[in-house]
Amino acid sequence: MTPTRCLSFRHRLLFVVGGLLAGLVAGEIALRVVPFERVKYEVRYGHFSGNLVSRFLEYDPVLTFRNRRSAVFPDAGVRINARGLRGPEIDEQKHAGVRRVLCLGDSCTFGGPHPYPEMLQAILEKQAPGRFEVLNGGAIGYTSLHGLEWFERELAALESDVVTLYFGWNDMWRAKDSAVRAWFKSRVAGESPPLLRSYLWEAASRGFVFVQNSFGRSGLQVRPEQYRAVLERFAALGRERGFTPIYVTAPSGFANDETPAWLVEQGFVARSDSAPARRREYNQIVADLAARERLPIADLAADFDRNGGRKLFADPDVDPIHPNDRGYRRIAEALAVEILRASGVSAPSVSVD
């Protein structure tokens with residue numbers, strides 16, 4: 001090879017390498033200038049999602065999304081206060097002699113026109129007038145990790161006496177991006193974030209997970225061992241901050257132990273998964289942890305199975321996840337029993353019929 005040809009090859013190689021480096025740098029700059037997380041939120045949950053419940057949500061730079069603060073939706077009977085809790089505005093400081101109950105959860109807690117925290121408030125007021133204040137900390141689409149982050153970042157300041165934990169559905173769905181897994185490493189597993197953060201690498205990683213999800217091969221949003229770790233963290237926080245966690249097993253209306261086809265078609269569950277089996281697995285984690293920590297549990301999964309099953313869901317063939325009003329009433333009554341017992345409040349027995 002002549003010196004001229006060798007030089008020409010080197011020039012071409014340097015041009016290619018330089019072009020690749022320039023492209024990577026440009027991509028990194030673009031993803032730092034353009035609000036990548038905000039764009040992802042808008043596509044998945046916001047204006048471009050076509051999601052009917054997206055009006056109740058807004059972008060959050062840490063949680064990705066949260067309840068829309070200081071918003072009222074008269075047609076749906078929904079009011080969200082300045083703290084993101086569903087319901088009227090509240091004072092940060094508790095009133096003297098009042099025990100504050102914070103209900104954390106996903107859409108099952110956020111609820112429909114009459115969510116179970118609202119019913120729970122009415123039951124406790126009847127049983128022990130003026131002694132309890134119930135707050136609805138449910139958010140549509142939240143995993144237990146979202147609940148933990150929101151609680152430690154903001155809601156712990158409310159100094160609740162009781163915190164109920166009704167999570168699991170969104171934890172057991174297939175991941176659509178890698179944000180939750182990265183979260184777990186820093187928030188629960190205690191791993192330090194990398195010194196150098198590449199937005200380009202994160203975008204590629206999350207895009208890869210999205211493609212995996214399309215083929216039913218992505219991991220779970222919050223794996224069973226991670227779910228256990230989050231619930232253990234709530235137990236530790238209860239000891240540190242002086243509140244009582246009450247764990248909840250999530251009831252379901254699956255027919256004949258079958259996974260609804262739409263859960264597979266929309267990428268929530270892989271074809272090889274059994275949603276009923278996953279539900280039992282996550283509920284068993286709740287039951288085992290409550291027994292080990294000697295903390296109260298409202299075993300709603302067993303309660304629903306004994307007392308109506310699928311009849312406690314409006315249309316279980318379409319939605320075996322969200323109870324109907326009768327089901328929400330059972331949830332409220334079961335929680336009232338545990339809350340009164342945990343609070344040492346003497347009151348007439350609560351009937352669950």
Side-chain angles (χ1 to χ4, degrees), residues 56-72 78-111 115-118 120-121 124-125 128 130-167 170 179-180 183-184 186-190 193 222 229-248 293 295-296 335 338-339 342-345:
F56 302 136
L57 304 173
E58 64 183 359
Y59 175 70
D60 184 276
V62 176
L63 298 164
T64 301
F65 61 96
R66 66 184 188 185
N67 290 336
R68 190 175 296 277
R69 309 295 172 98
S70 302
V72 180
V78 172
R79 179 182 179 184
I80 302 171
N81 66 27
R83 299 178 184 279
L85 301 169
R86 180 173 176 180
E89 297 298 334
I90 62 168
D91 296 326
E92 181 170 333
Q93 189 68 34
K94 291 181 294 185
H95 295 168
V98 175
R99 294 182 65 79
R100 180 169 277 173
V101 178
L102 173 63
C103 297
L104 289 179
D106 49 33
S107 55
C108 292
T109 299
F110 185 87
Y116 75 78
E118 176 184 297
L120 176 59
Q121 178 70 74
L124 292 175
E125 184 62 25
R131 299 289 300 277
F132 290 93
E133 176 189 28
V134 179
L135 309 179
N136 186 338
I140 297 168
Y142 266 19
T143 65
S144 60
L145 268 177
H146 286 88
L148 175 62
E149 177 70 29
W150 187 20
F151 180 81
E152 291 202 72
R153 183 156 62 110
E154 296 183 70
L155 300 182
L158 298 176
E159 297 183 341
S160 298
D161 300 286
V162 175
V163 178
T164 69
L165 303 167
Y166 186 168
F167 290 105
N170 296 299
V180 171
W183 239 12
F184 178 81
S186 61
R187 293 294 293 109
V188 179
V222 180
V230 173
L231 297 183
E232 288 173 342
R233 176 62 180 156
F234 272 110
L237 286 170
R239 290 189 292 270
E240 294 170 11
R241 295 180 173 272
F243 67 82
T244 301
I246 296 181
Y247 295 107
V248 176
E293 296 284 347
L295 289 169
L335 284 174
E338 298 301 329
I339 290 167
S343 302
V345 176

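Quick note: residue numbers are just sequence positions, from 1. Just so we're clear, the structure is a prediction, and the values are computed from it rather than from any experiment.
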| request: Starting from the C-alpha separation in whole Å, work towards a yes-or-no answer on salt bridge (charged side-chain N to carboxylate O under 4.0 Å, His left out) for R66 and E149. | output: CA-CA 11 Å; R66 66 184 188 185; E149 177 70 29; over 6 Å; no
| said: I want to know whether H146 and F65 have ring centres closer than 6.0 Å. | reply: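 So the answer is yes for these two rings.
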| said: I'd like to check the salt bridge (Lys or Arg N to Asp or Glu O under 4.0 Å) partners of R83; sequence neighbours left out, ordered by chain and number. | reply: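 With neighbours one apart ignored, the set is E92.
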| query | Who passes salt bridge (Lys or Arg N to Asp or Glu O under 4.0 Å) against R241, sequence neighbours left out? | reply |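 R241 satisfies salt bridge (Lys or Arg N to Asp or Glu O under 4.0 Å) with no other residue.
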| message | Could you walk me through whether D161 and K94 satisfy the side-chain contact (heavy atoms from CB on, under 4.5 Å) test, starting with their C-alpha distance in whole Å, then the side-chain angles of each, then the deciding distance to 0.1 Å, before giving a yes or no? | response | CA-CA 10 Å; D161 300 286; K94 291 181 294 185; 3.1 Å; yes
Within this structure, what is the [atom1]-[atom2] distance for the pair [X] and [Y], rounded to the nearest 0.5 Å?
X    : Y    : atom1 : atom2 : result
S107 : F56  : OG    : CZ    : 11.5 Å
I339 : I246 : CD1   : CD1   : 5.0 Å
L158 : E133 : CG    : CD    : 8.5 Å
L165 : S144 : CG    : OG    : 9.0 Å

Does the [X] side chain pair with the main chain of [Y], one donor and one acceptor, at a distance under 3.5 Å?
X    : Y    : value
R131 : V345 : no
N67  : N81  : no
N136 : L85  : no

| said: Counting neighbours of CD on E89 that are heavy atoms of other residues, nucleotides or ligands and sit closer than 6.0 Å, is the number greater than 12? | reply: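 Yes, because the 6.0 Å sphere around CD of E89 holds more than 12 heavy atoms from other groups.
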Minimum heavy-atom distance [X]-[Y], with the two atoms named:
X    : Y    : value
P296 : E338 : CB-OE1, 3.8 Å
L104 : T109 : O-OG1, 3.9 Å
L295 : A235 : CD1-CB, 3.9 Å
R233 : E240 : NH1-OE2, 3.6 Å
I80  : R68  : CG2-O, 3.1 Å
V134 : C103 : CG1-SG, 4.0 Å

What I'd like to find out is whether the side chain of [X] reaches to under 4.5 Å of the side chain of [Y], using heavy atoms alone.
X    : Y    : value
D60  : R153 : yes
R86  : V78  : yes
L120 : T164 : no
F132 : V162 : no
L237 : F243 : yes

| message | Ring-plane angle category for W150 and Y142, please: parallel below 30°, perpendicular beyond 60°, tilted otherwise. | response |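 W150 and Y142: perpendicular rings.
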